[in-house]
A.B. asks: 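Dropping a structure here in structure tokens format, bear with me for questions.
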Amino acid sequence: MNRLFSPDSLRPDAVRKATLVLEVTHHPTLQFRVRQGTVTDKGLDKGIAMLPVGATLDQLPTPFNLPALIDQLEQALSQPLLHTFQLEQPCLPAGSCCTYACELLQVEANLLVLTLELLPDPEKPTALADIVETMPTGLIVFRAIRNEDREIVDFQAMLCNQFGARIVGQSREAILTQPISQRYANMKEYAFFHQYVAVVESGTPHSQLMHLPTLDLWLDVSVVKYGDGMLVSFQDVTDGQQTASLLASVMNSSPAAIRYYEAIRDATGQIIDFMTGTGNELAAYRDFRPYPSTTGRRLLELYPQLKTNGLFDRYIAVVESGKSDRFETTHEGASQTSWFDSTVVPHGNGFVITNLDITSFKQAQLAQQGQSELITGVLDSSVSSIIVLSPIYGEDQQVADFRIDLANPATQTLFARFIGQEFAAHETIQNQTMGTLFPAVRERDLFRALMAVVKTETPIYHTVDYPQLGITYDYAITPFQTGVLLITTDITPIRAYQQQLEAHNAALSRSNEYLQQFAYVASHDLQEPLRKIYSFGDLLRKQYTDALDDTGRDLLQRMQNAAIRMQTLVKDLLDYSRLTTLQVSLQPVSLQALLQDTLDDLETTIRDTNATITIEGDGLPVIPGDKTQLRQLLQNLIANALKFTRPGQPPQVRVTVDLLRADQLPLSVPATASQQWVSLRIADQGIGFDEVYQERIFELFHRLHGRSKYTGTGIGLAVVKKVVENHTGQITATSQPGAGAAFTVYLPLA
């Protein structure tokens, strides 16, 4: 690294080359101050030293403080831009004299660039271009490109030394032949374009500190007006950043995120964005950054939401007013909201922001607040009286009374009828004793129960009827801290409903007895007369058929058919009543074997109708159920599929088996129900039905077709639904007229 200049480090004849950027000041007197400057001296460690910024020429050693040099500088203020001359240094006591070839470039009225080179031969002066090329300071001279309205729309480089090209990261050929807009596809990417325009238009210089991570360099960048353009110089100040490195170590050990942002202004001087500068990039804050490193990026590019949430305007206010600001900010993450304590202080042409993550504190604060609000809400909205009681002990160390530490609003309603007065507010009874408010309480079972809970620390739950008041209270007394918690609930409506329910249960029991009596009558008393009617009719048909004319024989046949239908109806009704009244006995049932038995029972019908039955799936499982009822279910569904066929077409029946999860069922099931189910779908290609009747077809005696066309009593599907309900299953039906019907039964596997 180059070391800083020391006046003692140079002998009067030691300067080989020097380049100075001088600022001209006229107040109080004409002076030339060093803006930037480098000196080449073979006596230094690496040959190069930095002149002190801000020093005047008379504060520097020879040859910089020679009056002849100052005279030349004064003359240059009124001469053309480029001026060359030789500077004679007086002979030293040892007899050596020095001659310097000098070139002076006037950049602005108040800015000069001076080069000096020691001449071994006064007849061979060194060119200014050679000095500029070899100097360790980057220099680029830009010419402004204007449109028809004389607005600056671009810049073209006119001069660029090798150091400047290396820092820019582009070839010197590209820099000198292409304007900025061609080297940066998006002009907005050239973050300081508007600042450069402001320098040319206003003549006000601009400077900033810039870090180049790829070269590990820190540069002091200076931009000054030069003709209708600007001179950009880059000074290596890496050594001066050792303090910044120490500061970075301190910042990285901080629990807060700290960052400096440099203001970016437009042509009018308005802040349009901020450039992200130095700061710590702690791993703890990585989730809140859109990139692993944000240095060198524009603030609104990183966080566009700042433009709409008001924070961007607050940052501008801090920079423009010079006053600090502090506030809380939030970050809505994918899984949680984070809170930060943010402090913004002005610094130079920007601001420094410190963000401290206070999420844990904020969450605890909100949780405590939410818990307090929840408890208050529960207490205030509860219809039960909630009282916290602390025991008051007598001299014998026995419980003599209880102090009311807390009481909710419901307390004044539930206990006012006992005390005989209304409370102005439930808070008025707090800190009072039960003995004061209700002296008779000491003689009540409630008081004895409170003392028992304090003594044994065992909860007591008890229901008390108060017939004289027509109310019933439920008491829950539990230990709480050093006292007891008394929760009193008015269950008078529940008690009345319970009494009604008991009456309904008694009526239901009587109804079930009547139904069982009916089942007995249907199975014995009703069927016996029907058998006699059918037997006598059969006897008439066999012995007296010749004595009857055609009308008589027709009436006799109709009587026989009606008796058969009545007998079938009574039998089906009896079967249905048994499904309703008898307790289902669940045993392991193989649905596969049961289906095969059902098909065997229907073998004659299948053969006579030339039906085709197809079974698809992995086979029916074993389920808990009632074998007789499940046989009725399968037989009724398959028999219906064989019966309701289109004229002239043999039945086509398809049985499909699937295993399902509970969440795949058409209707929701209780959480305690089986999670595995079997789906049994029986579909035909028969006459079908309109789905408007898909609920009514499961009702008793409901028929969609006349008896003359399709036989039956209208009970079959009602039996199917009752069997499904007895097995806590589900059933659905889908159909279209003329397009067949499908019934799907869902039964639990456990």
Side-chain angles (χ1 to χ4, degrees), residues 564-565 568-569 571-576 579 591 594-617 620 625-657 666 678-727 729-747:
I564 293 174
R565 287 199 306 273
T568 303
L569 182 61
K571 178 180 179 301
D572 289 347
L573 189 59
L574 178 61
D575 291 340
Y576 184 81
L579 292 176
L591 291 181
L594 200 59
L595 176 61
Q596 187 59 50
D597 291 344
T598 302
L599 295 178
D600 292 343
D601 293 341
L602 296 172
E603 181 180 5
T604 301
T605 304
I606 295 173
R607 183 178 62 251
D608 293 345
T609 59
N610 197 24
T612 300
I613 297 181
T614 305
I615 301 176
E616 298 178 347
L620 286 164
D626 184 285
K627 186 174 182 180
T628 302
Q629 292 188 19
L630 292 174
R631 182 191 296 272
Q632 286 179 289
L633 181 147
L634 292 175
Q635 185 159 352
N636 287 355
L637 289 177
I638 296 176
N640 274 2
L642 296 173
K643 179 168 60 175
F644 295 104
T645 60
R646 287 181 287 181
Q649 293 188 4
Q652 300 286 331
V653 181
R654 186 181 301 275
V655 180
T656 306
V657 181
V678 59
S679 166
L680 180 63
R681 185 174 186 269
I682 299 175
D684 60 55
Q685 299 180 2
I687 60 175
F689 59 87
D690 193 330
E691 287 191 352
V692 71
Y693 301 111
Q694 64 178 345
E695 294 296 332
R696 295 180 58 188
I697 60 176
F698 293 107
E699 296 176 359
L700 277 172
F701 309 118
H702 186 80
R703 298 174 57 92
L704 298 181
H705 310 283
R707 284 191 299 268
S708 61
K709 191 171 183 180
Y710 297 99
T711 62
T713 60
I715 296 180
L717 288 179
V719 170
V720 169
K721 186 173 183 180
K722 178 54 67 175
V723 172
V724 172
E725 291 175 349
N726 288 348
H727 288 76
Q730 298 180 13
I731 184 169
T732 62
T734 58
S735 180
Q736 292 295 331
F743 292 86
T744 306
V745 176
Y746 303 92
L747 297 173

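The structure presented is a predicted model; accordingly, all values stated were derived computationally and were not measured.
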A.B. asks: Please list, one pair per line, the donor and acceptor atoms closer than 3.5 Å that link side chains of residues 594-602 to other protein atoms, with sequence neighbours excluded.
C.D. replies:
unit_1	atom_1	unit_2	atom_2	d
Gln596	NE2	Asp600	OD1	3.3
Thr598	OG1	Leu594	O	2.9
Asp601	OD2	Arg631	NH1	3.4

A.B. asks: Kindly determine whether Leu630 and His727 satisfy side chain to side chain contact (heavy atoms under 4.5 Å, CB included), including the steps that lead there.
C.D. replies: CA-CA 9 Å; Leu630 292 174; His727 288 76; 3.8 Å; yes
A.B. asks: Give me the atom names and distance for the closest heavy-atom approach of Ala641 to Asp684.
C.D. replies: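 Shortest heavy-atom separation between Ala641 and Asp684 comes out as CA-OD2, 3.6 Å.
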A.B. asks: Please report the interatomic distance CD(Gln736) to CD1(Ile687), rounded to the nearest 0.5 Å.
C.D. replies: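 Rounded to the nearest 0.5 Å, the CD-CD1 separation comes out at 13.5 Å.
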A.B. asks: I'd like to check the side-chain contact (heavy atoms from CB on, under 4.5 Å) partners of Glu725; sequence neighbours left out, ordered by chain and number.
C.D. replies: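 By the side-chain contact (heavy atoms from CB on, under 4.5 Å) rule, Glu725 matches Lys721, Lys722.
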A.B. asks: Suppose we screen for salt bridge (Lys or Arg N to Asp or Glu O under 4.0 Å). Which residues come up paired with Glu616, at least two apart in sequence or across chains?
C.D. replies: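 With sequence neighbours excluded, Glu616 shows a salt bridge (Lys or Arg N to Asp or Glu O under 4.0 Å) to Arg654, given in chain and number order.
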A.B. asks: I'd like to check Thr645 versus Pro650 (side-chain heavy atoms, cut-off strictly below 4.5 Å). Are they in contact?
C.D. replies: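 Of all side-chain heavy-atom pairs linking Pro650 with Thr645, none is under 4.5 Å.
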A.B. asks: Is there a side chain to side chain contact (heavy atoms under 4.5 Å, CB included) between Leu717 and Phe743? Walk through the geometry before answering.
C.D. replies: CA-CA 10 Å; Leu717 288 179; Phe743 292 86; 4.1 Å; yes
A.B. asks: For Asn726 and Gln629, which heavy atoms make the closest approach, and how far apart are they?
C.D. replies: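 Nearest pair, atom of Asn726 first, then Gln629: ND2-OE1, 3.2 Å.
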A.B. asks: Find the distance between OG1 (Thr609) and NZ (Lys643) and round it off to the nearest 0.5 Å.
C.D. replies: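 The OG1 atom of Thr609 sits 13.0 Å away from the NZ atom of Lys643.
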A.B. asks: Test side chain to side chain contact (heavy atoms under 4.5 Å, CB included) on Leu637 and Val745; report intermediate values, then the result.
C.D. replies: CA-CA 10 Å; Leu637 289 177; Val745 176; 3.9 Å; yes
A.B. asks: Using the rule given for side chain to side chain contact (heavy atoms under 4.5 Å, CB included), can you reason through Val655 versus Leu680, listing the C-alpha separation, both sets of side-chain angles and the distance that settles it, and then say yes or no?
C.D. replies: CA-CA 7 Å; Val655 180; Leu680 180 63; 3.6 Å; yes
A.B. asks: If you compare all heavy atoms of Leu642 against all heavy atoms of Ala611, which two are closest, and at what distance to 0.1 Å?
C.D. replies: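 What the structure gives for the nearest pair is CD2-CB, 3.5 Å.
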A.B. asks: Who pairs with Val678 by side-chain contact (heavy atoms from CB on, under 4.5 Å), at least two apart in sequence or on another chain?
C.D. replies: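 For Val678, the residues satisfying side-chain contact (heavy atoms from CB on, under 4.5 Å) (neighbours in sequence not counted) are Leu591, Leu620, Pro621, Ile623, Val657, Leu659, Leu747, Leu749.
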A.B. asks: Determine whether a donor-acceptor pair (N or O, by modelled atom type, separation under 3.5 Å) exists between the side chain of Ser735 and the backbone of Gly740.
C.D. replies: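 Yes; judged by distance alone, with no hydrogens or angles, the pair exists.
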A.B. asks: Partners of Ala683 by side-chain contact (heavy atoms from CB on, under 4.5 Å), sequence neighbours excluded?
C.D. replies: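 With sequence neighbours excluded, Ala683 shows a side-chain contact (heavy atoms from CB on, under 4.5 Å) to Arg681, Ala742, given in chain and number order.
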